[in-house]
> 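Sending over a structure as structure tokens; questions will come in a sec.
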Amino acid sequence: METLGYILQQFINGIQLGSVYALIALGYTMVYGVLRMINFAHGDVFMLGAFFGYYLITRMSLPIYLVFLLAMAGTALVAFIIEKLAYSPLRKKNAPKISLLITAVGVSLFIEYFFSLNALFTPNYIAFPRPFEVEPYDLNLFVITNVHILIFITTLISLSLLYLLIYRTRQGKAMRAVALDAEMAKLVGVDTEKIISLTFMLGGALAGLGGILYAIAYPQINVFMGIMPGIKSFIAAVLGGIGIIHGAVLGGFIIGISEVFVSAFLSSTLRDGFIFLILFVFLIVRPNGIFGKRIEKV
Amino acid sequence: MKLLLELRKEIVFSLLLYMLLKMIFINNLFSDYVEQVILYTIIIVLGSLGLNIIYGYTGQFSLGHAAFYGLGAYFSAFITKSFSIESSLMFIIVVFSGGFFSAFVAYLIGIPILKFKDDFLAIATLGFGILIRNILDNSDRFLETLGGSRGFVGIASLSDLETVFFVSIFLILMSKNIIQSRYGIFWMSIRDDETASSSVGINVSDMKLLAFVYGCFLAGVAGALYAHLYTFLHPSNFDFLKSVDFLVIVIVGGMGNISGTVVAGVFWILIIEGLRIMLPAHILEYRWVIIPIVLIIIMILKPYGLMVRKRAL
Amino acid sequence: MRKILVLVLTFALFSFASAKETVKLGLITPLTGDVKTFGESSRNSFLIAVEEYNKTGKYNIVPIIADDKNDPTEGTNAALKLITQDGVKGIIGPLTSKVAIPVSEIANSKKVPMITGTATNPKVTISDGKRKPYVFRACFIDPYQGKVAAQFALKDLKLKTAAVLYDVGNDYSKGLAEVFKENFSKGGQVVAFESYQKDDVDFSALITKVAAKKPDVIFLPDYYNKVALIAKQLRERGVKSVLMGGDGWDSPELIKIGGKAIVGGYFTNHYSPDRKDPVSEAFLKKYKEKHNAIPDALGVLAYDAAMIYLKALDQAKSSDPSEVMKVLTNLKNFKGVTGTIGFDKNGDAQKSAVILKLEENGAKYVTTVNP
């Protein structure tokens with residue numbers, strides 16, 4: 001039963017899921033890198049991406065890449081607003097880390113429940129209309145669909161663009177500087193506020209993209225859909241080394257593939273529990289993640 | 001004896017409160033439903049107190065408190081169901097055993113994860129909470145009675161005014177006593193500055209673990225009382241949202257402030273449940289939209305929570 | 001909401017005007033959530049029943065409706081409130097087994113009669129082998145439904161291998177899945193028996209697992225929302241098996257969401273609106289006038305359940321719940337819309353099941369199976 005084809009098929013399923021997790025994880029890791037905070041509301045930005053996509057597809061008939069871009073712009077804006085309204089005031093007051101965290105929790109809950117109001121998105125499950133027909137390509141060993149391909153390619157393009165941005169532009173350099181040492185960066189003239197906003201917007205755009213891709217792959221959306229993927233993507237970011245970009249990407253794929261494999265070879269109902277087991281093991285054994293530096297024992 | 005003397009004011013107050021409640025209950029001044037809400041309030045206050053000790057006094061941010069509340073609930077319900085327990089005395093023993101079970105699990109988990117700093121502790125406890133929720137959802141795989149995600153039905157309704165009130169008051173007063181002892185001082189000192197505490201000879205890791213274990217013990221007892229009040233358990237009652245409930249009460253009441261927790265808890269639950277009775281369903285849905293806004297505003301205006309005692313610098 | 005308020009006020013006015021004693025009757029149904037089409041149709045049907053009864057009945061019924069959101073905790077909260085705060089003397093519903101099971105424990109311990117029109121899991125009326133005297137149901141139970149489905153697959157469709165995918169957190173889904181497996185195994189082979197969780201949207205791993213076994217039929221005993229999602233993903237992966245399910249499929253949303261993927265599927269149900277019967281036709285006509293649609297079987301069963309309670313109420317010595325319970329226990333030969341209903345010793349109804357097939361423009365009647 002465990003033929004090569006079967007394993008490959010599950011592997012492809014895992015890469016699809018992993019791509020989405022990687023996109024979301026990037027947002028967590030970049031924000032943590034720059035602000036040393038966990039943006040609890042990030043998973044909900046992912047959800048909004050899916051919903052923006054839903055409204056764009058059903059209300060207007062636009063070519064698909066425009067849908068993506070508009071939704072991403074929307075989520076980037078949302079992320080920007082969240083930062084300015086909720087986190088910025090606390091940072092300016094030098095509030096304790098915990099209050100930032102609690103505020104993030106508050107923002108997350110607010111987004112979920114506000115949009116679950118019956119006047120808005122409602123708490124129901126909504127079928128997501130794919131803007132195209134699914135076509136499976138039977139490659140004998142396994143089946144790959146145009147959805148799989150769309151997700152791989154879109155993720156690859158986004159990652160490449162992100163890399164270009166971070167490693168080849170001035171803004172990117174400024175981001176890396178702030179991540180390394182915010183005080184120093186300010187001293188050498190970096191506008192940290194702008195960089196922080198930029199980071200949030202980038203993370204938000206990627207999460208929004210992840211949201212639409214996820215909804216295309218698994219066409220049922222719901223205002224609470226961001227909770228679990230958000231947490232798992234965060235675990236992915238931690239796995240790879242929080243604050244480290246390629247760590248988030250690798251972590252995303254590892255978590256996605258593990259989740260599918262647990263579902264395939266053990267049981268679907270154990271897969272969430274397993275992911276958390278991985279988290280604990282990692283936090284105990286290697287808290288700085290795969291690409292993180294070894295921690296010094298205090 | 002000295003204990004009773006020190007706490008005489010509180011003991012008298014508690015006895016008067018009990019008599020008031022008893023009068024109300026016996027004469028059926030309120031409906032069964034309201035009585036249940038009153039008992040539920042006491043239970044939640046107890047649970048929140050546990051989180052206050054872990055977080056408010058000792059500064060360990062736990063987002064998984066509901067998991068320990070749930071463990072106490074399921075464990076005690078399993079025992080009363082399996083052994084067909086009916087007497088109040090046995091029930092109280094079972095309730096405490098629920099607390100001990102949670103405390104035990106807290107001990108096992110605490111050893112590795114309490115080393116983490118703020119953010120990571122938050123995620124680790126959140127993750128643990130979800131792990132427990134997942135285990136409860138699958139619980140019928142190993143013990144059919146627990147019901148898994150279909151829920152645990154048919155628990156004996158053993159939580160009456162006497163058991164809930166006296167167990168809770170006893171533990172609240174005992175907690176007050178512990179906090180006013182050197183342990184409380186150690187905990188608060190750790191919250192303020194771990195390194196400094198360690199350098200004056202406080203065994204930081206032991207004290208942190210103690211706070212965590214004791215706080216989870218209280219949560220477990222609260223859970224056990226809850227299970228036998230509500231007679232039905234479902235894993236979704238013990239999820240992240242429930243942990244947030246406890247957290248909000250601790251924050252609103254003020255970290256490290258017992259009376260604050262009590263007042264906030266009463267206020268919180270009575271408002272939530274009271275509204276449920278009075279308001280038509282479609283207004284209720286605004287509940288969880290308003291709560292986070294209030295939370296965010298509190299955080300922005302008063303990052304240490306309301307009703308915080310002014311601490312000497 | 002407003003309509004209900006108006007109705008309640010109207011009834012309240014009536015109760016002042018007439019000398020009839022007022023009896024409050026509760027309905028617990030999923031008006032929001034993943035099965036809201038069932039909730040809406042059952043609320044509509046329930047209100048029609050109350051309105052009809054109030055014209056000629058002995059008492060003045062005040063309906064009180066609660067939304068359980070298809071969630072057991074919400075359901076139990078609603079039940080507690082209805083019984084202890086609002087003082088209802090009877091409860092119609094809940095609709096789904098996973099809510100009905102905990103609510104039945106409460107109704108039974110508080111001694112308030114509860115009649116569910118549609119919860120099919122055996123545990124609703126029986127707990128640990130003991131019958132709950134105050135709980136009744138107006139429909140068949142899953143052991144019967146699953147048997148009908150399995151036998152249809154084996155004998156009529158002549159299928160040999162089956163896979164079952166069910167929701168582990170749902171008593172209805174799990175119970176029906178197990179019964180199907182038990183019965184199908186008697187004549188065929190169950191090659192996969194996999195579970196998922198309610199909030200899962202990604203079934204790729206599960207589908208790959210099941211597809212590898214190439215089953216003739218895939219049994220999906222869940223509600224229309226999930227079924228549509230899974231069916232789509234199955235067809236996208238090139239899985240060609242026949243799809244079958246239970247009464248949870250009975251919603252126009254199933255075809256709307258599932259589209260081509262679900263066409264050709266079969267499901268068991270409580271009755272077919274094509275049935276020629278005066279009681280049935282009278283009700284369907286009334287429903288159509290009011291709501292411009294044909295109600296689904298689950299909505300219709302709410303009507304039957306309500307009418308059963310109301311008839312028992314009239315026949316009982318008083319409106320006291322224990323008296324009504326006595327009448328209900330002996331109910332036989334009640335002519336309902338969905339057939340003739342009589343409660344057996346477990347409080348379950350002995351009824352026939354129908355099999356429906358999904359075509360592009362709706363469900364079409366295939367056959368009836370009698371107990």
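Below, all heavy atoms of this structure are taken into account, side chains as well, without hydrogens, waters or symmetry copies. Values in this document were obtained by computation on a predicted structure and should not be read as measured data. Labels below follow one simple rule: chain letters A, B, ... track the order of the sequence lines, proteins then strands, and each chain is numbered from 1.
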> Measuring heavy-atom distances to chain A, does C:K69 have an atom under 4.5 Å in its side chain, in its backbone, in both, or in neither?
neither
> Do C:K209 and A:Y6 make a side-chain contact, defined as non-hydrogen atoms from C-beta onward lying under 4.5 Å apart?
yes
> Distance from C:T208 atom OG1 to A:I7 atom CD1, nearest 0.5 Å?
12.0 Å
> Sort by residue number and list every member of residues 215-234 of chain A having a non-hydrogen atom under 4.5 Å from chain C.
A:A217, A:Y218, A:P219, A:Q220
> What heavy-atom pair brings A:A264 and C:A205 nearest, and what distance separates the two atoms?
N-CB, 4.2 Å
> Answer yes or no: are there more than 12 heavy-atom neighbours, outside A:F282 itself, under 6.0 Å from its atom CZ?
yes
> Rounded to the nearest 0.5 Å, how far apart are CG of A:L17 and CG of C:D202?
5.5 Å
> Tell me if the NZ atom of C:K198 is crowded by more than 12 foreign heavy atoms within 6.0 Å.
yes
> Can you tell which part of A:Y214 gets under 4.5 Å to a heavy atom of chain C, answering side chain, backbone, both or neither?
side chain
> For C:Q233, which atoms come within 4.5 Å of any heavy atom of chain A: side chain, backbone, both, or neither?
side chain
> Taking side chain as C-beta onward, heavy atoms only, is C:Q197 less than 4.5 Å from A:D272?
yes
> Under a 4.5 Å heavy-atom cut-off, does chain A meet the side chain of C:K256, its backbone, both or neither?
neither
> Rounded to the nearest 0.5 Å, what's the gap from OG on A:S263 to CZ on C:F203? Could you check?
9.5 Å
> Taking atom NE2 of A:H148 and atom OG of C:S204, what is their separation to the nearest 0.5 Å?
6.5 Å
